[in-house]
Novice: 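Sending over a structure as structure tokens; questions will come in a sec.
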Amino acid sequence: MSITIQFPDGNSQQYDSQTTSAQIAESISGGLARVAVAAVLNGCQIDLSTPIEDGEHTLRILTPRDPESLEVLRHTAAHIMAQAVRNLYGDKVQYTIGPALTDDFQYGFYYDFDLPESVSADDFGKIEAEMKKIAKSKTPLERIELTPAEAKQQMTELGQSYKVEMIDDLIASEEGVETVSFYRQGDFVDMCRGPHLPNTGKLKAFKLLTLAGAYWRGDEKNKTLTRIYGTAFFDKKELAEHLDRIAEAKKRDHRILGKQLGLFALSDDVGPGLPLWMPKGTIIRMELEGWLRGQLLKRGYQAVMTPHIGKLDLYRTSGHYPYYEHGLFPTLPMGEDEGYLLKPMNCPHHIQIYKAAQRSYRELPVRLSEFGTVYRFEKSGDLNGLTRVRGFTQDDAHIFCSPEQLEAEIASCVELTKLVLDTLGLDQYRVRIGLRDPDSSKYTGKSENWDLAEQNIRNVVRDVGLEYTEEPGEAAFYGPKIDFVINDCIGREWQLGTIQVDYNLPERFGLEYIGSDNTPHRPIMIHRAPLGSPERFIGILIEHFAGAFPLWLAPVQVAVLPVSEKCADYAAEQTRILKNNGIRVELDDSPEKIGAKIRRATLDKVPYMLILGQKEADANTVAVRHRTEGDFGEVDITEFISEINAEIETKGSQCVANRVQEQEDR
RNA sequence: GCCGACGUAGCUCAACGGUAGAGCACAGCUUUCGUAAAGCUGAGGUUGUGAGUUCGAUUCUCACCGUCGGCCCCA
């Protein structure tokens, strides 16, 4: 008997029974055998040392060039780290899981341990040293397969209770299992699916990055394990580049830039998670909100305003209370009354506005919009700059419409959200459809309504041609939603825009409109927020632009920099002209040298600087300098104003830098 | 909330069991300057808060508050 192997190039080759992919690689070339990491047999990843069964197969040898190889490398790195931790902290260490991560911006792998003593990041040096020792030994990794009963017995003997639990789960799983695989490297054995590197010596570039707590199985009722994150690459240069990338990304952090640029502040005295908008940050918000208000008017929204608190009972009706009690600020007591809540959502208030008048089918859809500030008691450990706060605003609106109107309205919300992202150049987002988790009881309303709403959403995203993923369990408690999810500077995901279809709150609140048949009908609601929240959105925006906002959003659009006090009057006059033309301008009349003024304005990321000296005063011109493009030369102030106005109005698609570039090209 | 780390001047950071220092920023003076940092002088701190150990704590211990990284959660 023999095996027939078909290679990716289409060629086939016969081998003896039980040949391994390592041997096959060797038969192709010694070079391939040296760099081989693992193999893919009939689409499944296997170890190089796995003997191949008789028959016809396709086989691909993985080398560091293949993307899958990184996963194998990092997975083995996690095992080597586990062995290092065992060597240092002894046999009382309990092992749980240690997966490779290939999509994460920072981390390449982690391992969760239950440790007999506490470990801190200061210990990384000695763990890394131990890992280096293990790598240097070039110990082969050997796969061992046991029956579940044998595996369980061994793990029980070794006191590895988490592994015992995992084996029990494997046994109880629907498919059942015939074997449980382990990997041995020297005297260290860990239960693992594999595949792994052929030996530990291939791990040459790695670094431990962070230490964190993590609940066993992600359940906060369980014990907190110690998670160590690290990363690994095939060569040291890639690792160094990766670490540079992380360091570079961290410079965009909105919490650092927000402080440096004076955009917002958080004060211990006011309270955690309650951002304060400083004058320059407020400009960004007002510009963004003003633009969005204009878009809403065009789309037939009506602006409303509602108070920050409401009776507790309102939220019982909506279902927010007591379901979300853990996420609410405590009730404000009110004598005989049940008390009031700081509103965690605007929808109950908007619903009352809908209810405050009799509604006819002729006036649907009713689109009520409000930049409504809400308060949610986020857990202290969850707070994060502007991206996770306790007091924030939603660019909220609730659309009340008929079933016939619903999908067009959803589509319009998608269009608006995309317009917002496109206008700001946020093109790296993903779309998530949050569905209810069929096994959970946290959702309100009838199953038929949920099915309908989920179908409405699918219809729209398909029509619009959005790429999306469906994620059960991500729905709001009253309805499924379309979320626009964006990464921050270190790769964490944040939900910005959201569109939620809701058949349930109209029912809970008994909403109606009179149809053309002169009988009452129930409207459907859409909850939507294209920014999500200006706080979070601007937090992400700060990182997206690295603080260098486009002209229309820039807190200071033009810095006027007189070369010396001799031209102070001319500079003041030009400043006044710009101000009168609605430009946000700052005059730097400090007794600094021009280089220092330029430096200051550049660090403040002011888009345009006007350098004004005797020459410009004599010629009645301004010398324009761009924060990144440098000197643009002299121009008449009226021409400068019309150019930057064009850049402001077109949100940057037409800008002075382009004009100058064109001139240079000519 | 949980695990871990951190908290010193407005900011970034240093130092130390004997009550703290630099750079930038700030103020005053000098300089009036041409495309990313002029010079001098000065002011600025109950070392997050509270307790404990100690002759003495900012330093060591504990608690609390806050921040950061994860976990859980996210209407």
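Letters A, B, ... are given to chains in the order of the sequence lines, protein chains preceding strands, and every chain is numbered from 1.
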Novice: Using a heavy-atom cut-off of under 4.0 Å over every strand shown, decide if A:D382 touches base, sugar-phosphate, or nothing.
Specialist: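 Touches a base.
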Novice: Taking for each residue the nucleotide of RNA chain B with the nearest heavy atom, is it A:E634 or A:C347 whose nucleotide lies nearer the 5' end?
Specialist: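 Nearest nucleotide further toward 5': that of A:E634.
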Novice: Taking the C1' atom in each of B:G10 and B:U47, what is the distance between them to the nearest angstrom?
Specialist: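 To the nearest whole Å, 16 Å.
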Novice: Hey, are A:E409 and A:R367 close enough for a salt bridge, meaning a charged N less than 4.0 Å from a carboxylate O?
Specialist: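 Salt bridge between A:E409 and A:R367, a charged N being under 4.0 Å from a carboxylate O: yes.
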Novice: Do A:K379 and B:C72 have a side chain to base donor-acceptor pair shorter than 3.5 Å?
Specialist: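 Under the 3.5 Å cut-off, the side chain and the base do form a donor-acceptor pair.
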Novice: Grab the CD1-P distance between A:I97 and B:C71 for me, whole Å please.
Specialist: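 A:I97 atom CD1 is separated from B:C71 atom P by 11 Å.
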Novice: Roughly how many Å apart are B:G50 and B:U58, using the C1' atom of each and rounding to a whole number?
Specialist: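 Nearest-Å result for B:U58 against B:G50 at atom C1': 15 Å.
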Novice: Of the nucleotides B:U35, B:A75, B:G69, which has the atom closest to the A:I598 side chain?
Specialist: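 Ranking B:U35, B:A75, B:G69 by closest atom to the A:I598 side chain puts B:U35 first.
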Novice: Quick one: is A:R255 getting a side-chain N or O under 4.0 Å of the B:G69 phosphate, OP1 or OP2?
Specialist: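 For A:R255, the contact criterion (side-chain N or O under 4.0 Å from OP1 or OP2 of B:G69) is met.
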Novice: Determine: side-chain N/O of A:N384 to OP1/OP2 of B:G69, distance under 4.0 Å, yes or no.
Specialist: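 Looking at the OP1 and OP2 atoms of B:G69, one of them is under 4.0 Å from a side-chain N or O of A:N384.
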Novice: Would one find a side-chain N or O of A:T226 under 4.0 angstrom from OP1 or OP2 of B:C3?
Specialist: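 For A:T226, the contact criterion (side-chain N or O under 4.0 Å from OP1 or OP2 of B:C3) is not met.
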Novice: What's A:G327 touching, base or sugar-phosphate or nothing? Going by heavy atoms closer than 4.0 Å.
Specialist: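 Counting heavy atoms under 4.0 Å across all strands, the contact made by A:G327 includes a base.
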Novice: Can you tell me if NZ on A:K442 sees more than 12 non-hydrogen neighbours from other groups inside 6.0 Å?
Specialist: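 More than 12 within 6.0 Å, yes.
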Novice: When you compare B:C24 with B:A20, how far apart are their P atoms, in angstrom units rounded to a whole number?
Specialist: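 Going atom to atom, P in each nucleotide, I get 23 Å.
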Novice: For atom C1', what is the distance between B:G17 and B:A22, given to the nearest Å?
Specialist: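 So the two C1' atoms sit 24 Å from each other.
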Novice: C1' atom, B:A43 versus B:A27: distance in rounded Å?
Specialist: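 Between the two C1' atoms, the distance is 7 Å.
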Novice: Measure from CD on A:E325 to C1' on B:C73 and round the result to the nearest Å.
Specialist: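 It is 16 Å, rounded to the nearest whole Å.
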Novice: Does A:E454 pair with A:R436 as a salt bridge, N-O distance under 4.0 Å?
Specialist: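 Between A:R436 and A:E454 there is a salt bridge, with a charged N closer than 4.0 Å to a carboxylate O.
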Novice: Can you give me the dot-bracket string for RNA chain B, 5' to 3', counting Watson-Crick and G-U wobble pairs with both distances under 3.5 Å, using [ ] for crossing pairs and | for partners on another strand?
Specialist: (((((((..((((....[..)))).(((((.......))))).....(((((..]....))))))))))))....
Novice: Distance between the C1' atoms of B:U35 and B:U46, in whole angstroms?
Specialist: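 My reading of the C1' atoms in B:U35 and B:U46 gives 47 Å.
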Novice: Are the aromatic ring centres of A:Y229 and A:Y107 under 6.0 angstrom apart?
Specialist: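 Centroid separation for A:Y229 and A:Y107: below 6.0 Å.
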Novice: According to a strict under-4.0 Å criterion, is A:K221 in side-chain N/O contact with OP1 or OP2 of B:C72?
Specialist: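 Answer is no, no contact under 4.0 Å.
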Novice: Taking the six-membered ring where the residue is Trp, are the ring centres of A:F477 and A:Y443 under 6.0 Å apart?
Specialist: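 No, the ring of A:F477 stays outside the 6.0 Å limit from the ring of A:Y443, centre to centre.
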Novice: For B:G70 versus B:C13, give the span between their C1' atoms, rounded off to a whole number of Å.
Specialist: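 After rounding to an integer number of Å, I get 26 Å for this pair.
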Novice: Base, sugar-phosphate alone, or nothing: which one does A:Y478 contact when heavy atoms must sit under 4.0 Å apart?
Specialist: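 If one applies the 4.0 Å heavy-atom cut-off, A:Y478 turns out to touch the sugar-phosphate alone, with no base involved.
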Novice: Taking the same atom, C1', in B:G69 and in B:C29, what whole-Å distance lies between them?
Specialist: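 Their C1' atoms lie roughly 48 Å apart.
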Novice: Tell me whether the guanidinium CZ or amine NZ of A:R430 lies under 6.0 angstrom from the six-membered ring centre of A:F484 and within 45° of its axis.
Specialist: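 Verdict for A:F484: no cation-pi partner in A:R430.
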Novice: I'd like to know if A:E165 pairs up with A:R217 as an ion pair, taking the criterion as any Lys NZ or Arg NE/NH1/NH2 lying under 4.0 Å from an Asp or Glu carboxylate oxygen.
Specialist: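 A salt bridge links A:E165 with A:R217.
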Novice: Regarding A:T231 and A:Q106, is there a side-chain donor-to-acceptor distance under 3.5 Å anywhere?
Specialist: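 Their side chains do not contain a donor-acceptor pair, so the 3.5 Å distance test is not met.
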Novice: Nucleotides 26-29 of chain B: which of its N/O atoms have a protein N/O under 3.5 Å away?
Specialist:
none

Novice: Could you give the NE2-to-C1' distance, from A:H326 to B:C74, as a whole number of Å?
Specialist: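 Rounded to the whole Å, the gap is 8 Å.
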Novice: Here's a test for you: under side-chain contact (heavy atoms from CB on, under 4.5 Å), which of A:L314, A:L342, A:L341 qualifies with A:I309?
Specialist: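 Checked A:L314, A:L342, A:L341 against A:I309; only one passes side-chain contact (heavy atoms from CB on, under 4.5 Å): A:L342.
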Novice: Could you list all N or O pairs between the protein and nucleotides 11-15 of chain B that sit under 3.5 Å apart?
Specialist:
none

Novice: Looking at A:K355, I'd like to know if its NZ atom is crowded, meaning that more than 12 non-hydrogen atoms belonging to other residues, nucleotides or ligands lie closer than 6.0 Å.
Specialist: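 Counting neighbours around NZ of A:K355, more than 12 heavy atoms of other residues, nucleotides or ligands fall under 6.0 Å, so yes.
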Novice: Measure CZ/A:R217 against P/B:C72 and give the value in whole Å, please.
Specialist: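 Distance, rounded to whole Å: 14 Å.
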Novice: Centre-to-centre under 6.0 Å for A:F400 and A:H350, is that the case here?
Specialist: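 Not under 6.0 Å, so no.
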Novice: Using a strict threshold of under 4.0 Å (side-chain N to carboxylate O), is an ion pair present between A:E338 and A:K311?
Specialist: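 A:E338 and A:K311: not salt-bridged.
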Novice: Is any side-chain N of the basic residue among A:D631 and A:R625 closer than 4.0 Å to the acidic one's carboxylate O?
Specialist: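 Judged by the 4.0 Å cut-off on N to carboxylate O distance, A:D631 and A:R625 do not form a salt bridge.
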